[in-house]
Amino acid sequence: MTSASQEKKHRKAKALKSSSRRPAKELCSECGLCDTYYIHYVKEACAFLNQQIADLEKTTHGRSRDLDNQDDWYFGVHQDMMAARNKKPIEGAQWTGIVSTIACEMLDRGIVEGVVCVQNTQEDRFQPMPVIARTPEEVLTAKVNKPTLSPNLSVLEEIEQSGMKRLLVIGVGCQIQALRAVEKELGLEKLYVLGTPCVDNVTREGLQKFLETTSKSPDTIVHYEFMQDFRVHFKHEDGSIEKVPFFGLNTKKLKDVFAPSCLSCFDYVNSLADLVVGYMGAPFGWQWIVTRNDTGKEMLDLVRDRLDTQDVFSKGDRKKAVQQSIPAYEAGVTLPMWAAKLMGVVIEKVGPKGLEYARFSIDSHFTRNYLYVQRTHPEKLEAHVPEYAKRIVGQYELPEV
Ligand code: FAD
């Protein structure tokens with residue numbers, strides 16, 4: 001089939017109404033694909049209907065993960081990893097604003113004509129509003145996480161109709177998997193993908209419950225992050241930081257807060273992005289950068305002289321802590337706050353650091369998610385869980401389901 005006739009074919013498809021049930025049903029992560037005529041490809045493209053990370057890695061990076069290399073299991077195909085921070089941090093960014101800096105630079109230099117990113121609505125700072133930014137100012141308006149499921153791909157029709165040929169998309173794993181699956185249908189000359197890791201995302205209502213259950217002042221929070229010091233840091237409007245130890249979270253109440261898609265996700269590290277910017281493999285206060293391929297390197301090179309950098313390192317042993325956390329999470333154990341704080345202090349001193357902290361977080365989430373899929377969708381387990389994730393989970397003893 002020619003690309004012209006393919007184009008015609010998907011244009012005949014109709015976006016779903018916002019009230020319609022999604023093809024992935026409760027596992028839908030609201031990536032936005034089904035809000036466009038690209039719903040035509042949903043059976044193949046949806047991360048929850050057709051997990052195909054290894055195949056898409058081959059197309060995107062030239063190879064899939066080397067299953068004999070444990071770094072590949074955890075961090076995906078990569079050329080390089082480092083810790084970095086903006087010499088001049090962008091105020092109000094999630095971390096130091098490396099994502100926004102790269103996107104602004106690509107627009108400024110005319111490398112791309114537009115950037116898919118997520119602003120928030122005027123009424124609600126956490127309600128995502130995907131846009132195609134055409135100026136650095138519009139990119140900067142999208143800084144900081146909207147910690148909610150965000151339909152980034154809902155702008156795909158607009159891209160095709162705008163006639164843009166060179167585009168940067170910023171997004172999380174499930175969005176990027178669907179994007180890669182339809183990439184060749186978008187009529188672009190060059191697509192750049194800047195990813196962030198992503199875990200434990202929520203619907204807007206779920207976010208409210210999380211904030212109300214966990215923070216002393218839910219209405220004044222401007223951003224939060226699960227930090228490497230084993231605490232959630234809530235930043236409030238007045239600049240104050242409230243810290244709540246992970247071990248003090250009300251796991252029983254919060255169990256149903258996370259979206260079922262996120263409880264079924266094994267693409268924490270955004271395997272299909274060209275460049276990934278997170279924090280969890282870096283020392284506290286630094287960002288963690290994973291360059292997956294030459295396109296990612298090209299993007300990072302644009303801003304290298306604006307960054308302080310250091311090598312990544314790995315310290316400690318996560319395995320005992322992960323193994324112990326499995327039955328505790330299953331039982332919904334919540335420690336009294338004094339004990340949670342004490343445990344936080346101890347584990348911060350002796351716990352895993354650098355890449356070992358990233359492995360701790362990946363192991364904890366993959367074991368939890370494996371049990372979730374086994375329990376809720378046993379028929380999907382075999383095909384949905386990628387081989388690298390099966391190997392990660394296989395290092396631990398899991399309870400009978
Ligand atoms: P900024 O310059 O502030 O830019 C942030 C960019 O993120 C913006 O361009 C915006 O378009 C985009 N964005 C915001 N919200 C969303 C969304 N909901 N969906 C898609 N794109 C969005 N990193 C880790 O290392 N470990 C984690 O566990 C982890 N969990 C995360 C969970 C969520 C829900 C999200 C959205 C991100 C997570 N990250 C995680 C990434 C990390 O928090 C930062 O986003 C990243 O380090 C970039 O920081 P920055 O200061 O460079 O970004």
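Indexing begins at 1, ligand by ligand and atom by atom, following the structure's order. Hydrogens, waters and symmetry mates play no part in the numbers below; they use all other heavy atoms, side chains included. Heads up: numbering here begins at 1 and tracks the sequence.
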Task: pair Tyr224-Asn145: side-chain heavy atoms closer than 4.5 Å - done: no

Task: Pairing of Glu105 and Arg109 as salt bridge, 4.0 angstrom limit - done: yes

Open item on the list: Show the atoms of ligand 1 that are less than 4.0 angstrom away from any heavy atom in Ser100.
Closed with: 1 (P), 2 (O), 4 (O)

Open item on the list: Please determine whether any non-hydrogen atom of Gln119 lies less than 4.0 Å from an atom of ligand 1.
Closed with: no

Task: Heavy-atom nearest option to atom 44 (C) of ligand 1, drawn from His365, Gln94, His223, Gln175 - done: Gln94

TODO: List every atom of ligand 1 that sits less than 4.0 Å from any heavy atom of Val172, numbering the atoms from 1 in the order shown and giving each element.
DONE: 19 (N), 20 (C)

Open item on the list: Judged on heavy-atom distance to atom 22 (C) of ligand 1, which of Val118, Thr96, Val144, Ile98 sits nearest?
Closed with: Val118

Open item on the list: Taking side-chain contact (heavy atoms from CB on, under 4.5 Å) as the criterion, tell me which of Leu140, Asn86, Thr141 meets it with Ser100.
Closed with: Leu140

- [ ] Give the residue, atom name and distance (to 0.1 Å) of the protein heavy atom nearest atom 45 (O) of ligand 1.
- [x] Asn145 OD1, 2.8 Å

Task: Proximal candidate to atom 8 (C) of ligand 1 [heavy atom criterion; set Ala142, Cys198, Gly97, Ala103] - done: Ala142

Task: Val169: which of Leu194, Leu188, Ile176 passes side-chain contact (heavy atoms from CB on, under 4.5 Å) - done: Ile176

Task: Subset of ligand 1 atoms that lie under 4.0 Å from at least one heavy atom of Ser150 - done: 17 (C), 18 (N), 19 (N)

Task: Lys315 charged N/C atom sitting above Phe313 aromatic ring, 6.0 Å / 45° - done: no

TODO: Write out the residue and atom name of the closest protein heavy atom to atom 18 (N) of ligand 1, then the distance separating them to 0.1 Å.
DONE: Lys146 O, 2.7 Å

Task: Shortest protein heavy-atom distance from atom 31 (C) of ligand 1, along with the residue and atom involved - done: Pro197 O, 3.6 Å

